[in-house]
Amino acid sequence: ASERLFGFELPQYSLALWERVRVRVLNVMPTNPGVETLRNRARQLRREQTEAEKRLWAVLRARQLQGYKFRRQFVIGSVIVDFCCFEKRIVVELDGGQHAEQEAADQVRSWFLYSRGYRVLRFWNNEVLENFNGVLEKIFHALETTTLKNKPSPVPSPSGRGKGES
């Protein structure tokens with residue numbers, strides 16, 4: 001039987017490989033970088049967007065996608081994500097060619113985000129550029145089908161209760 005972590009099935013790799021991934025991820029994702037360091041890096045990433053990020057942000061910004069608010073280069077713990085809909089706890093990550101070599105590190109990042117209650121959608125940059133409408137449909141579908149566990153009840157409590165009346 002295979003092992004599971006944060007709802008993901010773990011491949012049967014050797015402990016040595018997982019240790020190399022852990023060390024590599026810790027080098028990429030320091031356990032406790034300063035908040036200012038992360039904010040400065042996020043600002044830098046906003047200034048240096050890829051073409052795919054620019055194109056997707058043009059549609060996600062200012063609640064243009066069915067009223068959902070997205071943030072770009074958003075800090076979650078010690079990770080900076082490309083786009084985040086905090087209301088629905090959905091993260092959209094765009095991966096360039098360098099991510100083909102760091103698949104294990106990306107999976108660890110996804111597990112971390114999942115452990116914080118986020119659903120992660122990953123797209124290749126060329127997928128955004130070549131199949132833009134398909135990417136938007138996948139994001140919209142995820143937004144519409146995601147339900148939060150700690151959602152407030154839609155039914156208000158009966159009148160008079162909780163108002164300090166005796």
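Sequence positions, counted from 1, serve as the residue numbers for this chain.
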- Between Val92 and Leu129, is there a shared hydrophobic cluster once you connect ILVMFWY residues whose side-chain heavy atoms come closer than 4.5 Å?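 No; tracing contacts between hydrophobic side chains, which count when under 4.5 Å, never links both residues.
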
- Task: Kindly indicate whether the side chain of Tyr114, heavy atoms from C-beta on, has any atom under 4.5 Å from the side chain of Val120.
- Result: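 Contact flag for Tyr114/Val120 side chains = no.
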
- Non-hydrogen side-chain atoms of Val81 and Glu93 separated by less than 4.5 Å: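 Touching, per the 4.5 Å side-chain cut-off.
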
Looking at [atom1] of [X] and [atom2] of [Y], how far apart are the two atoms once the value is rounded to the nearest 0.5 Å?
| X | Y | atom1 | atom2 | result |
| --- | --- | --- | --- | --- |
| Ser110 | Tyr118 | OG | OH | 14.0 Å |
| Lys69 | Cys84 | NZ | SG | 10.5 Å |
| Arg119 | Lys88 | CZ | NZ | 10.5 Å |
| Phe74 | Phe83 | CZ | CZ | 13.5 Å |
| Phe70 | Leu60 | CZ | CG | 5.0 Å |
| Glu103 | Asp95 | CD | CG | 9.5 Å |

- Task: Dump the intermediate steps for side-chain contact (heavy atoms from CB on, under 4.5 Å) on Ile80 and Leu45, then the final yes or no.
- Result: CA-CA 9 Å; Ile80 301 172; Leu45 290 171; 4.0 Å; yes

- Under 3.5 Å, is there a donor-acceptor pair between the Gln44 and Arg41 side chains?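 Per modelled atom types, Gln44 and Arg41 side chains form a pair under 3.5 Å.
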
Listing, residues 130-142 side-chain donor-acceptor contacts under 3.5 Å, not counting sequence neighbours, or none:
residue	atom	partner	partner atom	Å
Asn131	OD1	Gly134	N	3.3
Lys138	NZ	Glu127	OE2	3.3

- Gln64 (side chain) donor-acceptor with Ala58 (main chain) under 3.5 angstrom: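 At least one qualifying donor-acceptor pair exists.
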
- Message: Tell me whether Arg122 contacts the main-chain N or O of Asp106 through its side chain, where contact means a donor paired with an acceptor under 3.5 Å.
- Response: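 Side chain of Arg122 to backbone of Asp106: a pair is present.
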
Taking every non-hydrogen atom, the tightest pair across [X] and [Y]:
| X | Y | answer |
| --- | --- | --- |
| Asp82 | Leu94 | OD2-N, 2.7 Å |
| Gln73 | Arg46 | O-NH2, 3.3 Å |
| Asn125 | Ala52 | OD1-CB, 3.6 Å |

- Task: Might you work through the side-chain contact (heavy atoms from CB on, under 4.5 Å) test for Tyr68 and Arg63, ending with a clear yes or no?
- Result: CA-CA 5 Å; Tyr68 291 106; Arg63 298 184 185 265; over 6 Å; no

